Amino acid sequence: MSGRETIAAVATPPGVGAVGIVRVSGPAVPDIALHLLGRLPAPRQALLADFRADDAEPIDQGLALYFPAPHSFTGEHVLELQGHGGPVVLDRLLARVLALGARAARPGEFSERAFLEGKLDLTRAEAIADLIASGTEQQARLAVRSLRGAFADRVERLLEALTRLRVLVEATLDFPDEDLDPNLAAGVAADLDQLLADLDRLLATAKRGERLRDGLLVVIAGAPNAGKSSLLNALSESDRAIVTPVPGTTRDLLHADVQIDGLPLRVVDTAGLRLSPDPIEQEGVRRAREQIDQADLLLWVVDDADPDAAVAPPADLPAQVPRLVVRNKIDLSGRAPGDFPPTQPDRRATAAAAIACSATTGAGLDDLRAALLRHAGLGADAGGELSARRRHLDALARTREHLSAAARAHSQASPPELVAEDLRLAQDSLGEITGAVSSDDLLGRIFSEFCIGK
Ligand code: GDP
């Protein structure tokens, strides 16, 4: 760390507040403290001091805290200056620290240094950013769990098991002429099975965590007048969410951010999926289809009181997007609210699950909410356990592919070199999650999303 520059930033949000904090990290900290405060504060003890300009005139008076390396957040020498929270005074204080030899920190640079100094793994660093950005209590709870290592610990345990297995397989490479001990081969197969099962459990947990963090993209589609907008309003109002209609053109898409038991939903109301010669409407249809392609769930809304309504979504919608049929207006059709299993005899039965409800009376809307939670893997008994990101899911999915390839190679009695290579690839993918394996590019992407001073 000795070759590193010393960095500084205002760590409190811009604007006026009771307290404002300037954070400094790096080898020049003791020297900066001497010039700024007249002395180095005792480690980890608050010192009330004048923060002096170069002519010794005080810029402010406040508390100084010194955390000598390696016992600090970044692992470097850290100085925290708690002054008064006004923009001018903080600007002057930061300028003084920069003049004394620090440079302005980039967003997330303190956390990046903490990672590089081995103070934090990547899941913990990301959890800090997630905690700060939490929009729901549930998101904050999960972020704290990841921050305390809930995610990293599970990844570490898998990595250890993977390492043991690699050692076992690679040991057989050293004795190519001997026949493979059948007990050993069976042991490898059992270990691979166990690893795959553990990985699948972590993947399921991480998927729930990712959904609670990023939410679900739910697209509402259906014939005009089926009640799509009413449903969107009913879902958002009852949860007292902020509805933010963003109509670009009259036939553009409407978005609303809705929360159900802490699960954020981005609900998009499409402009009615019918073919039209009107170029503006065609543009609306094109955008609707684009949203549907990316959706986590398609809600196909049907006017249950209209005997001619198409109950099945159009066949040309992307097959990979799961769908839920919503039979709306049951106050008119007289159907009972709630789950409407496709097994139930019905002349217009469809393969998709259906919920019967009324946007007007609210009947069946709780069933709809429960169905949305179930769809996110958040049914009544499945709580989220940790916060996770798309990046983690990608890495876990790649790990799974390599492990499956190893299991296949092993079961086909392929040369152990191939099994060993697949295991190495699996270990690398898994290691990306905590940063045991990382690239500058990956780190740049992760930390650039942080705020300044964190
Ligand atoms: P969209 O074109 O699919 O967005 O449909 P709207 O939400 O604009 O609703 C079309 C019409 O149906 C409006 O007059 C609504 O008041 C009415 N509507 C929507 N949902 C219900 C419902 O559950 N029951 C009844 N009786 N009317 C409904």
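We count ligands from 1, going down the list as the structure has it; atoms in each ligand are counted the same way. Keep in mind the model is a prediction, meaning the values are calculated, not measured. For the numbers below, each heavy atom of this structure counts, side chains included, while hydrogens, waters and symmetry mates do not.
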Engineer: Just jot down the ligand 1 atoms closer than 4.0 angstrom to any heavy atom of Leu332, in number order.
Structural biologist: 26 (N)
Engineer: Would Pro224 count as being in polar contact with ligand 1, using the rule that some N or O on each side must be under 3.5 angstrom apart?
Structural biologist: no
Engineer: Please could you name the atoms of ligand 1 that Asn328 approaches to less than 4.0 Å, counting only its heavy atoms?
Structural biologist: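 Taking each heavy atom of Asn328 in turn, ligand 1 has 19 (C), 20 (N), 21 (C), 23 (O) under 4.0 Å.
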Engineer: Whether the Thr123 and Ser146 side chains hold a donor-acceptor pair (N or O, under 3.5 Å, no angle test) is what I'd like checked.
Structural biologist: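 No.
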Engineer: By number and element, which atoms of ligand 1 are closer than 4.0 Å to a non-hydrogen atom of Ser358?
Structural biologist: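 Answer, ordered by atom number: 22 (C), 23 (O), 24 (N).
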Engineer: Would you say the side-chain atoms of Glu432 and His392 include a donor-acceptor pair closer than 3.5 Å?
Structural biologist: no
Engineer: Classify the side-chain pair Ser358/Asp331 by whether it contains a donor and acceptor separated by less than 3.5 Å.
Structural biologist: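 Yes, side-chain donor-acceptor contact under 3.5 Å.
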Engineer: Is the closest basic N to carboxylate O distance between Arg389 and Glu449 below 4.0 Å?
Structural biologist: yes
Engineer: What atoms of ligand 1 come closer than 4.0 angstrom to any heavy atom of Ser229?
Structural biologist: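 The list of qualifying atoms is 1 (P), 4 (O), 7 (O).
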Engineer: Less than 4.0 angstrom from a charged side-chain N to a carboxylate O is my criterion; do Arg390 and Asp214 meet it?
Structural biologist: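 Result for this pair is no, no salt bridge flagged.
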Engineer: For atom 27 (N) of ligand 1, which protein heavy atom lies nearest, and how many Å away is it?
Structural biologist: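 Checked against all protein heavy atoms, atom 27 (N) of ligand 1 sits closest to Thr360 OG1, 3.3 Å.
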Engineer: Suppose we measure from atom 1 (P) of ligand 1 to each protein heavy atom; which comes out shortest, and what is that distance?
Structural biologist: Lys228 N, 3.4 Å
Engineer: Does a side-chain N-to-carboxylate-O contact under 4.0 Å join Arg369 and Asp366?
Structural biologist: yes
Engineer: What is the nearest protein non-hydrogen atom to atom 5 (O) of ligand 1, stated with its residue, atom name and distance?
Structural biologist: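 The closest one turns out to be Gly227 N, 3.1 Å.
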Engineer: Nearest to atom 18 (N) of ligand 1, what protein heavy atom do you find, and at what distance?
Structural biologist: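 The protein heavy atom lying closest is Lys329 CE, 3.6 Å.
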Engineer: Determine whether any protein heavy atom is located less than 4.0 Å from atom 3 (O) of ligand 1.
Structural biologist: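 Looking at atom 3 (O) of ligand 1, one finds that a protein heavy atom does lie closer than 4.0 Å.
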Engineer: Any side-chain heavy atom of Val169 sitting closer than 4.5 Å to one from His410?
Structural biologist: no
Engineer: Could you tell me whether ligand 1 has any atom less than 4.0 Å away from a heavy atom of Ala226?
Structural biologist: yes
Engineer: Can you find a protein heavy atom closer to atom 13 (C) of ligand 1 than 4.0 Å?
Structural biologist: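 Under the 4.0 Å cut-off, atom 13 (C) of ligand 1 has no protein heavy-atom neighbours at all.
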Engineer: Assess the side chains of Asp422 and His402: does a donor N or O sit below 3.5 Å from an acceptor N or O?
Structural biologist: no
Engineer: Checking Ser387 against Gln139: is there a side-chain donor and acceptor pair closer than 3.5 Å?
Structural biologist: no
Engineer: Who's the nearest protein heavy-atom neighbour of atom 15 (C) of ligand 1, and how far?
Structural biologist: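 For this ligand atom, the closest protein heavy atom is Ser230 OG, 3.8 Å.
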Engineer: Quick test of your reading of the structure: of Asp331, Asn225, Val301, Asp303, whose heavy atom lies closest to atom 26 (N) of ligand 1?
Structural biologist: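 Among Asp331, Asn225, Val301, Asp303, the closest heavy atom to atom 26 (N) of ligand 1 belongs to Asp331.
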